[in-house]
Protein chains: 2
Amino acid sequence: MSPDSLMPKNCNIPCIKARCSSCSLRELCLPVGLDEQEVRALDHLVNQRHKIRRGEHLHRAGLSFHSLHVVRSGFFKTYVLQEDGREQVTGFHMPGEVLGLDAISADTHTCNAVALEDSEVCEIPFAKLEGIGRTIPSLMHHFHKIMSREIVRDRGMLMLGGMKAGERLVAFLLNLSHRFAKRGYSPLDFNLRMTREEIGSYLGLKLETISRALSRLQEDGLINVDNKRIRLNDIDHLRRQYGSSSYE
Amino acid sequence: MSPDSLMPKNCNIPCIKARCSSCSLRELCLPVGLDEQEVRALDHLVNQRHKIRRGEHLHRAGLSFHSLHVVRSGFFKTYVLQEDGREQVTGFHMPGEVLGLDAISADTHTCNAVALEDSEVCEIPFAKLEGIGRTIPSLMHHFHKIMSREIVRDRGMLMLGGMKAGERLVAFLLNLSHRFAKRGYSPLDFNLRMTREEIGSYLGLKLETISRALSRLQEDGLINVDNKRIRLNDIDHLRRQYGSSSYE
DNA sequence: GCTCTAGTTTGATTTAAATCAAAACAAGAT
DNA sequence: ATCTTGTTTTGATTTAAATCAAACTAGAGC
């Protein structure tokens with residue numbers, strides 16, 4: 001599914017929280033013990049924290065790339081502008097997820113990232129990450145898993161190819177649900193931060209189609225829709241009926 | 001667009017070809033000088049070469065992951081089976097491209113890879129790659145670019161979301177053309193190794209739609225179709241008319 | 001409170017692609 | 001060569017989604 005946090009699922013060291021001077025050490029803590037020196041190295045890795053207000057951009061396509069960003073709080077969307085001016089949404093990103101992985105390829109950002117609500121990010125200078133990764137192999141390995149997960153996530157979107165509108169939308173909702181759950185929020189009751197049009201762009205559908213599909217799911221009693229608030233009434237039914245969908 | 005070879009575009013060292021005992025050192029050669037010891041390290045990295053006959057699998061979804069594979073010759077498709085039995089094609093892979101990047105995420109292959117013609121691959125044990133990467137930073141960095149390029153590639157496919165059948169198909173053909181060109185083959189005249197059905201699965205369309213779209217392009221004089229052989233008659237027109245398309 | 005705007009819902013109609021169906025074709029096996 | 005079998009093309013029809021259009025809603029600012 002998603003790059004998620006830099007924190008491995010089984011982060012089993014008594015995480016160095018106490019000494020965390022920098023903002024996202026929690027995400028970076030590794031499933032292995034770190035010695036004093038390594039902790040200091042990590043401390044230097046993630047040293048800048050930025051506030052991005054709703055509507056502001058974290059980066060824009062074409063700008064040169066230096067740092068990855070971990071979402072600390074808030075919500076982002078990434079998108080590209082096609083030559084005809086249409087905006088194509090390429091992803092939505094919530095706390096713990098990493099932005100900028102696409103830019104490593106050519107040292108240039110390939111998409112725009114904008115905050116959908118007031119947000120905070122941590123900056124991770126990529127050169128530093130590669131440097132420190134050399135001395136902390138498990139950190140490097142963990143980073144590779146994050147990149148790979150991003151590939152799996154995008155691949156999952158491709159698999160919506162054969163599905164119809166309602167199925168795609170359910171897949172999308174289940175995906176959000178899953179990601180919220182992993183962050184400790186309710187998987188059954190959440191707020192969409194994006195518009196119908198943005199969802200449509202992401203799923204390759206028009207906004208009216210999204211609206212109709214939501215209404216249909218509500219008629220069927222599977223979900224409740226109150227503007228941007230979504231309640232999943234029968235998540236098992238959703239999962240069964242719409243199969244693979246949850247694409248993790 | 002695609003993970004392409006492990007060889008950076010500007011592979012400017014008088015590549016160690018002479019000493020290449022292993023099969024894909026050429027791909028691994030780096031844009032920096034390597035000392036004697038480093039060359040020996042690389043030599044150990046890529047030491048196995050496998051022949052995969054048409055129809056045989058390189059790996060299957062669910063199997064545990066140990067090695068990446070670089071396509072040496074031939075042509076592969078990757079796909080997943082959905083619970084309803086439908087096959088969803090996730091990619092086509094030509095010489096120089098890397099297979100298995102998705103599997104790093106969970107140490108498990110997430111897709112099946114099958115040879116569409118008799119092929120050869122080089123095996124790169126991933127643990128070894130990470131180990132050697134630690135001592136050759138530029139190798140590690142190059143690997144990160146390859147992973148990132150894979151993300152960009154998949155992202156590019158997502159962007160076909162808003163396009164119609166003909167446009168998607170042209171984007172697909174231009175993409176193949178581009179990749180063939182980079183490998184020294186004609187970008188204007190090539191053979192599709194996959195069926196219309198596989199193209200359709202990849203693009204989220206039915207095989208009849210692919211067939212009709214090809215016929216349409218031929219009627220318009222833009223391409224020539226002779227079964228699997230494709231000739232692009234007016235690649236500039238194709239690029240202009242179908243825009244972004246070439247999604248590199 | 002009201003107004004204005006951006007976003008959403010719903011309906012009527014059109015259009016692109018899926019589906020159903022059959023014929024034509026190519027390649028491999030015998 | 002002929003018989004398969006799998007693939008491709010083309011046509012007729014249906015269907016899902018896009019498009020066009022209008023009404024409705026929520027929220028921001030006055």
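Within every chain, numbering begins at 1; the chains are lettered A, B, ... in the order of the sequence lines, protein sequences first and strands thereafter.
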Exercise. With a non-hydrogen cut-off below 4.0 angstrom, is A:L205 in contact with a base, only sugar-phosphate, or nothing?
Worked result: sugar-phosphate
Exercise. Once you round it to whole Å, what is the distance between P of C:dG11 and CZ of A:R216?
Worked result: 13 Å
Exercise. Under 6.0 Å from the CZ atom of B:R54, do we count more than 12 heavy atoms belonging to anything else shown?
Worked result: no
Could you run down the sub-3.5 Å N/O contacts of the protein with nucleotides 20-24 of chain C?
from: C:dC20; atom 1: N4; to: B:E208; atom 2: OE2; distance (Å): 3.3

Exercise. Can you check whether A:F76 and A:F92 have ring centres sitting under 6.0 Å from each other?
Worked result: no
For this session: Compare the minimum distances between each of D:dA18, C:dT8, C:dA17 and the side chain of B:T209, then state the nucleotide with the smallest one.
Result: C:dA17
For this session: Among C:dG7, D:dA17, C:dA17, find the nucleotide with the atom closest to the side chain of A:K228.
Result: C:dG7
For this session: Answer yes if the ring centres of B:F190 and B:Y185 are under 6.0 angstrom apart, and no otherwise.
Result: no
Problem set entry | OP1 or OP2 of C:dA6 under 4.0 Å from side-chain N/O of A:T195 | no
Exercise. Is the phosphate of C:dA17, meaning OP1 or OP2, less than 4.0 Å from a side-chain N or O of B:K164?
Worked result: no
For this session: To the nearest Å, give me how far apart NZ (A:K206) and C1' (C:dT10) are.
Result: 18 Å
Exercise. How do A:M194 and B:L207 order along DNA chain C: which one's closest nucleotide is nearer the 5' end?
Worked result: A:M194
Exercise. Below 4.0 angstrom, N of the basic side chain to O of the carboxylate: do B:D220 and B:R216 qualify?
Worked result: yes
Problem set entry | Selected nucleotide, minimal atom distance to A:S211 side chain, candidates D:dT8, D:dT19, C:dT10 | C:dT10
For this session: Round to a whole Å and report the spacing from CE of A:M163 to P of C:dA18.
Result: 15 Å
Exercise. C:dG7 phosphate, OP1 or OP2: any side-chain N/O from A:R196 under 4.0 angstrom?
Worked result: no
Problem set entry | Flag if over 12 foreign heavy atoms under 6.0 Å of NZ, A:K228 | yes
Problem set entry | First of A:G204 and B:I210 reached from the 5' end of DNA chain D, by closest nucleotide | B:I210
Problem set entry | Between D:dT7 (C1') and B:E198 (CD): distance, integer Å | 11 Å
Exercise. Is B:E123 salt-bridged to B:R49, cutoff N-O under 4.0 Å?
Worked result: no
Exercise. Rounding to a whole Å, what distance do you find between A:E167:CD and D:dA16:P?
Worked result: 11 Å
Seminar exercise, completed: A:I230 CD1 to C:dT9 P, in whole Å, measures 9 Å
Exercise. Starting at CD of B:E197 and ending at P of C:dT19, how long is that distance when rounded to a whole Å?
Worked result: 12 Å
Problem set entry | Electrostatic pair B:R231:B:D189 at N-O distance under 4.0 angstrom | yes
Problem set entry | Euclidean distance, atom CG of residue A:L214 to atom P of D:dT25 [Å, nearest integer] | 17 Å
